[in-house]
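Comments concern the structure below.
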Amino acid sequence: MTPEILFSSLQLSLPELMLAGGAMLLLMVGVFSGEKSVTMVNGLAVALLIAAGLVLVLVIGDGEAYNGAFLSDPFARFMKVLALIGSITAMVMTVGHAKAERIDKFEFPVLIVLATLGMLLMISANDLIALYMGLELQSLALYVVAAINRDSTRSTEAGLKYFVLGALSSGMLLYGASLVYGYTGHTGFDEIAAAIAGEERSLGLVFGLVFLLAGIAFKISAVPFHMWTPDVYEGAPTPVTAFFAAAPKIAAMAVLVRIVIEAFEPVTLDWQQIVVFISIGSMLLGAFAAIGQKNIKRLMAYSSIAHMGFALVGLAAGSQAGVRGVILYMLIYMVMTLGTFACILAMRRKEEGNVEQIDDLAGLSSTNPFMALMLTILMFSLAGIPPLAGFFGKYVVFVAAIEAKLYALAIIGVLASVVGAYYYLRIIKIMWFDQPTGDFAPVAGELKLVFGVSGLFVLFYVVVSNPLGLAADVAAKTFF
């Protein structure tokens, strides 16, 4: 590698280098200052993520780095910005709750920064080895974060379950990558596509593709690799769950899109069948399994499984409209989820601390009308009721599926939406029509900000839908 190529590579990966160097410095600050540095490290970590986001938007252009293993293109930049927004918002939400949730350790923000670095590397990966390195960096940080409250049996159990199942999924992904390398002789996505296009596809390659997709399906908690999601969502501290539900899903979905559309484009029919299967499974399981849930975090886990299924409807189309639909769906999903988790974090009683039962929301409209109104808007949007953002998210992916003649998939998606509406409407009914069971403690300012902004975005999405749609279109054009 010549000095010019190295310099250009370092320039393209500047946000990632900032996060890597910043995480090391924050670790040093925490180690030498002790526990009293928690607030400062948290603030510096948020500032670091914001700075990386600004550099990404204002400085970074298009290009390849490190001999083609790292890509900077409109799709990568759009998804990276989403992942950074998810991480920043999740960290802001922890500010007033770190002590109560027993995650007031300086390691927490450092691990979040390292997990975010892994996500950015995943999104830009143009090579199976680069993808695996980014994925593992993210996963190892997330395993620790899930179990960071060592005094809680539930948190420790959540971390252990996530670690064991995560290790299994990493093994499957590696096995798939080794099969793909064995049958194509390449690890780079462009080279894999060229090798497949030039010859008749082999059964071994399809097996490799299946294992690769299985490993990534675990990360987006798609059926049948969803089993960790309800237990980890319920067991992990709520600010951690909010982070899990947003940023890592964005990164994993971006990786899935890049692999199937770029590396395996010549065998579209093969991966399309797999994506259709996991999409239908995720939508149906998410819709029906959430009905009996009494814990709101478990309900959000099944809701997340269903929403990943809806996003995959767009990917199954395998078209530019489909990829655009996936991008918009993930953006809307992230906003709705972060807003909902801000409301869940605000479910706090002075004497009991955080409460998680859906019935604890009874009569919220009379005790905290603003929070009840925002949560109602978010629930209607999650259910896909027009004219809220959630409706438009589902509309773009279903239209893409219909254009690709996947009529059965679109019909199943609509029916699953109708079933899913039941448990969202039940929460609204409990908030507005049931008798109050007691007041919540005053809501922290940062949580009000998050669920207020989320609610307004969802409500007035129509106003910003055009510029966001154009940006998503530019990002989707990367592959076509």
Side-chain angles (χ1 to χ4, degrees), residues 93-94 96-97 100-103 146 149 151-158 161 226 228-245 285-307 336-380 382-383 419-444 447-448 450-451 454-455:
M93 281 160 58
T94 65
H97 292 262
E101 296 278 354
R102 298 198 177 173
I103 55 172
N149 182 3
D151 300 327
S152 163
T153 314
R154 285 201 317 167
S155 178
T156 311
E157 184 188 339
K161 281 179 178 171
H226 64 284
W228 61 275
T229 317
D231 291 336
V232 173
Y233 271 45
E234 185 184 6
T238 307
V240 174
T241 308
F243 177 65
F244 273 25
L285 181 120
F288 286 100
I291 289 173
Q293 300 303 320
K294 292 183 168 53
N295 182 296
I296 195 160
K297 281 163 73 177
R298 282 186 83 85
L299 183 138
M300 286 305 293
Y302 285 111
S303 163
S304 140
I305 293 166
H307 283 288
M336 295 188 300
T337 302
L338 287 170
T340 305
F341 272 102
C343 293
I344 294 170
L345 265 170
M347 290 168 61
R348 184 171 197 79
R349 296 216 165 95
K350 282 176 185 168
E351 60 285 354
E352 295 173 63
N354 261 62
V355 289
E356 294 174 3
Q357 298 305 306
I358 295 168
D359 291 340
D360 291 314
L361 288 165
L364 185 67
S365 57
S366 55
T367 56
N368 191 335
F370 177 67
M371 180 175 152
L373 178 63
M374 287 300 128
L375 189 52
T376 301
I377 291 168
L378 291 164
M379 288 296 119
F380 273 133
L382 284 163
V419 174
Y422 165 77
Y423 51 82
Y424 298 122
L425 296 175
R426 180 170 157 255
I427 292 174
I428 295 167
K429 173 257 174 191
I430 286 169
M431 286 192 295
W432 291 91
F433 299 109
D434 285 15
Q435 289 302 311
T437 53
D439 285 2
F440 289 138
V443 180
L447 296 183
K448 271 187 188 167
V450 172
F451 63 66
S454 300

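Numbers here are sequence positions counted from 1.
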When you compare the side chain of [Y] with that of [X], does any pair of heavy atoms fall below 4.5 Å?
| X | Y | value |
| --- | --- | --- |
| Leu425 | Phe380 | yes |
| Val443 | Phe451 | yes |
| Met371 | Cys343 | yes |
| Ile291 | Val419 | yes |
| Thr337 | Ser304 | no |
| Gln357 | Asn295 | yes |
| Arg298 | Pro230 | yes |
| Phe341 | Tyr233 | yes |

Item to check | Under 3.5 Å donor-acceptor, Thr340 side chain and Leu375 backbone | outcome: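 No.
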
Next on the checklist: Given 3.5 Å as the limit, does a donor-acceptor pair link the side chain of Thr376 with the main chain of Ala372, or not?
Outcome noted: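 Indeed, once roles are kept as given, a pair shorter than 3.5 Å links the two residues.
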
Between atom [atom1] of [X] and atom [atom2] of [Y], what is the distance when rounded to the nearest 0.5 Å?
| X | Y | atom1 | atom2 | result |
| --- | --- | --- | --- | --- |
| Ile344 | Ile296 | CD1 | CD1 | 4.5 Å |
| Met347 | Asp360 | CE | CG | 5.0 Å |
| Ile377 | Ile428 | CD1 | CD1 | 10.0 Å |
| Tyr423 | Met300 | OH | CE | 9.0 Å |

Looking only at heavy atoms, what is the nearest atom pair of [X] and [Y], with distance?
| X | Y | value |
| --- | --- | --- |
| Thr241 | Ala236 | OG1-O, 3.4 Å |
| Ala306 | Ala287 | CB-N, 4.2 Å |
| Met431 | Ser365 | O-OG, 3.0 Å |
| Ala290 | Leu299 | O-CD1, 3.9 Å |
| Leu338 | Ala242 | CD2-O, 4.0 Å |
| Ala158 | Val232 | O-CG2, 3.5 Å |

Item to check | Donor-acceptor pair between Tyr424 and Ser303 side chains, under 3.5 angstrom | outcome: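 Yes, Ser303 and Tyr424 have a side-chain donor paired with an acceptor closer than 3.5 Å.
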
Next on the checklist: Check this for me, if you would: do Glu234 and Lys297 make a salt bridge, where the nitrogen-to-carboxylate-oxygen distance has to be below 4.0 angstrom?
Outcome noted: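 Not counted as a salt bridge, because no side-chain N and carboxylate O are separated by less than 4.0 Å.
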
Item to check | Sequence-distant partners of Tyr302, side-chain hydrogen bond (donor to acceptor under 3.5 Å, both in side chains), two or more places apart | outcome: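 Not a single residue meets the side-chain hydrogen bond (donor to acceptor under 3.5 Å, both in side chains) criterion with Tyr302.
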
